[in-house]
Amino acid sequence: MSVFEKNKIHLIAKPTLEMDDEQERLLPIANVGRIMKQILPPTAKISKEAKQTIQECATEFISFVTAEASDKCHQENRKTVNGDDICWALSTLGFDNYAEAIVRYLYKYREAERLKANQNKGNSTPDNHEEESNYRSGGQHGRQTELPIPLEFRVMERSDNSQARPS
């Protein structure tokens with residue numbers, strides 16, 4: 001085998017730095033595939049191309065929403081993007097249905113965290129009390145924010161014909 005052939009194989013087998021950066025930017029393809037399989041019937045197959053397409057779209061969507069939330073934080077001289085910023089960005093960008101769902105999720109997440117913190121209260125330190133007070137104020141460093149009214153999630157079941165329907 002000539003040096004040229006060895007180099008050609010080496011170039012083909014080893015991805016370029018650009019490709020490494022691109023892959024690092026994208027969501028893990030295995031996770032994307034797992035999420036896709038959850039909604040499909042058990043016998044369905046998903047092509048590599050379909051997974052890569054969804055991987056790219058999901059990554060772009062996350063980047064788009066996060067950039068909008070980040071701009072808001074920058075204008076407010078804050079360095080940390082929080083869940084409320086993401087909900088605001090979704091709504092601002094016209095994804096109101098997603099924003100509403102994320103607000104419900106965020107409320108339930110915060111409630112679960114508050115309950116967990118109360119269960120661990122026996123192990124509390126002064127730092128934990130500060131975190132709890134920040135949580136109660138919506139994490140806005142002293143600004144009181146009202147938490148959304150709790151809403152119920154509707155559980156979706158998969159039917160035999162792979163159409164999701166509310167239970």
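With sequence neighbours excluded, no residue forms a side-chain contact (heavy atoms from CB on, under 4.5 Å) with K45. Checked against side-chain contact (heavy atoms from CB on, under 4.5 Å), A44 has the following partners two or more places apart in sequence or in another chain: L40, P41.
Cluster membership check: I35 does not share its hydrophobic cluster with I29, using side-chain heavy-atom separations under 4.5 Å among Ile, Leu, Val, Met, Phe, Trp and Tyr. Using a 4.5 Å cut-off between side-chain heavy atoms of Ile, Leu, Val, Met, Phe, Trp and Tyr, with links allowed through other members, F95 and I86 fall into the same hydrophobic cluster. By the criterion of side-chain heavy atoms lying less than 4.5 angstrom apart, applied directly or through intervening Ile, Leu, Val, Met, Phe, Trp or Tyr residues, L93 is grouped together with V81 in one hydrophobic cluster.
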Run the side-chain donor-acceptor check on residues 57-72: report pairs under 3.5 Å with partners two or more places apart or on a different chain.
from: T59; atom 1: OG1; to: L27; atom 2: N; distance (Å): 3.1
from: T59; atom 1: OG1; to: Q55; atom 2: O; distance (Å): 2.8
from: S63; atom 1: OG; to: T59; atom 2: O; distance (Å): 3.0
from: T66; atom 1: OG1; to: I62; atom 2: O; distance (Å): 2.7
from: K72; atom 1: NZ; to: E76; atom 2: OE2; distance (Å): 3.4
from: K72; atom 1: NZ; to: D85; atom 2: OD1; distance (Å): 3.3

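Nearest heavy-atom pair across K51 and V32 is O-CG1, 3.7 Å. The two residues C87 and A99 make their nearest non-hydrogen contact at O-CB, 3.6 Å.
Under 4.0 Å is where a charged nitrogen must lie from a carboxylate oxygen, and between E111 and R114 at least one such pair does. With respect to the salt-bridge test (charged N to carboxylate O, under 4.0 angstrom), the residues K116 and E113 qualify.
Contact annotation: the side chain of K121 approaches that of N118 to within less than 4.5 Å [non-hydrogen atoms, C-beta and beyond]. Annotation: side chain of T80 is not in contact with side chain of C73 (no heavy-atom distance under 4.5 Å).
The CZ atom of R34 sits 4.5 Å away from the CG atom of N31 when rounded to the nearest 0.5 Å.
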